[in-house]
Undergrad: 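Please see the structure below; I have some questions.
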Amino acid sequence: MTRIEATADCPALLEAVRAAPGDVVVVLGADLGVLERALASAAIGPLAIERTPARVNAVDCGAGVAAADVEQALAFLEAADCTTGQVLALSARSAPTD
């Protein structure tokens with residue numbers, strides 16, 4: 001699975017996804033702007049349709065998300081053979097309370 005980090009350059013992101021070999025997962029980092037995040041998220045479904053039979057998914061990382069959680073989400077998407085066009089939204093874990 002090809003991993004692509006989303007940037008503020010949405011046209012470049014679309015080109016990168018279209019040109020990537022095989023299945024693709026787009027990672028939307030916490031530092032991505034609100035508009036760029038919305039544009040990239042909205043593009044995942046149509047890109048998945050366009051790239052069939054290859055799969056296109058995304059992981060949307062909110063502020064404070066642990067790298068281990070991102071890696072687990074990526075592993076899940078890689079193993080989920082019938083999942084395409086989805087955006088997994090991750091948020092920071094809250095501290096346990098007593």
Undergrad: Determine, stepwise, if the pair Val24 / Arg55 fulfils side-chain contact (heavy atoms from CB on, under 4.5 Å).
TA: CA-CA 6 Å; Val24 174; Arg55 298 177 302 134; over 6 Å; no
Undergrad: How close do Pro21 and Thr2 get, counting heavy atoms only, and between which atoms?
TA: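 Looking at all heavy atoms of both residues, the closest pair is O-OG1, 3.1 Å.
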Undergrad: Work out which heavy atom in Gly22 is nearest to a heavy atom in Ala54; give both atom names and the distance.
TA: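 Smallest interatomic distance, heavy atoms only, reads O-CB, 3.5 Å.
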Undergrad: Determine, stepwise, if the pair Val25 / Ile4 fulfils side-chain contact (heavy atoms from CB on, under 4.5 Å).
TA: CA-CA 6 Å; Val25 63; Ile4 298 173; over 6 Å; no
Undergrad: Does one hydrophobic cluster hold both Leu32 and Val70, with members joined at side-chain heavy-atom distances below 4.5 Å?
TA: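 Different clusters.
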Undergrad: Do Arg51 side-chain atoms and Val17 backbone N/O form a donor-acceptor pair below 3.5 Å?
TA: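 Here the side-chain-to-backbone pair exists.
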Undergrad: Taking all non-hydrogen atoms of both residues into account, name the closest pair between Ala58 and Leu77 and its distance.
TA: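 Scanning both residues, the minimum pair turns out to be O-CD1, 4.0 Å.
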Undergrad: How far apart are the C-alpha atoms of Cys61 and Leu28, what are their side-chain angles, what is the distance that settles it, and do they pass the side-chain contact (heavy atoms from CB on, under 4.5 Å) test?
TA: CA-CA 6 Å; Cys61 306; Leu28 309 174; over 6 Å; no
Undergrad: Applying the 4.5 Å side-chain criterion to the ILVMFWY set and letting contacts propagate, would Val27 and Leu90 be lumped into a single cluster?
TA: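 In one cluster: yes.
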Undergrad: Atom CG in Leu47, atom CG in Leu13: separation rounded to 0.5 Å?
TA: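 These two atoms lie 7.5 Å from each other.
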Undergrad: With side-chain contact (heavy atoms from CB on, under 4.5 Å) as the test, would you mind laying out the steps for Ile44 and Val26 before giving the verdict?
TA: CA-CA 8 Å; Ile44 298 302; Val26 176; 4.1 Å; yes
Undergrad: Are any of the side-chain nitrogens in Arg3 or Glu71 under 4.0 Å away from the carboxylate oxygens of its partner?
TA: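 Result for this pair is yes, salt bridge flagged.
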Undergrad: For the side chain of Ser41 and the backbone of Ala38, is there at least one donor-acceptor N/O pair under 3.5 Å apart?
TA: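 Such a contact is absent between Ser41 side chain and Ala38 backbone.
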Undergrad: Kindly work out whether a path of hydrophobic side-chain contacts (I/L/V/M/F/W/Y, heavy atoms less than 4.5 Å apart) joins Phe76 to Val65.
TA: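 In one cluster: yes.
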Undergrad: Rounded to the nearest 0.5 Å, how far apart are OG1 of Thr84 and CG of Asp23?
TA: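 With rounding to 0.5 Å, OG1 (Thr84) is 7.5 Å from CG (Asp23).
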Undergrad: As an exercise, state the distance from CZ of Arg37 to CG of Asp60, rounded to the nearest 0.5 Å.
TA: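 Rounded to the nearest 0.5 Å, the CZ-CG separation comes to 4.5 Å.
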Undergrad: Would you check if the side chain of Asn57 reaches a backbone N or O of Thr83 as a donor-acceptor pair within less than 3.5 Å?
TA: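 Judged by distance alone, yes, a pair lies under 3.5 Å.
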Undergrad: I need the minimum non-hydrogen distance between Ala92 and Ala63, along with the two atoms involved.
TA: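 For Ala92 versus Ala63, the nearest heavy atoms are CB-O, 3.5 Å.
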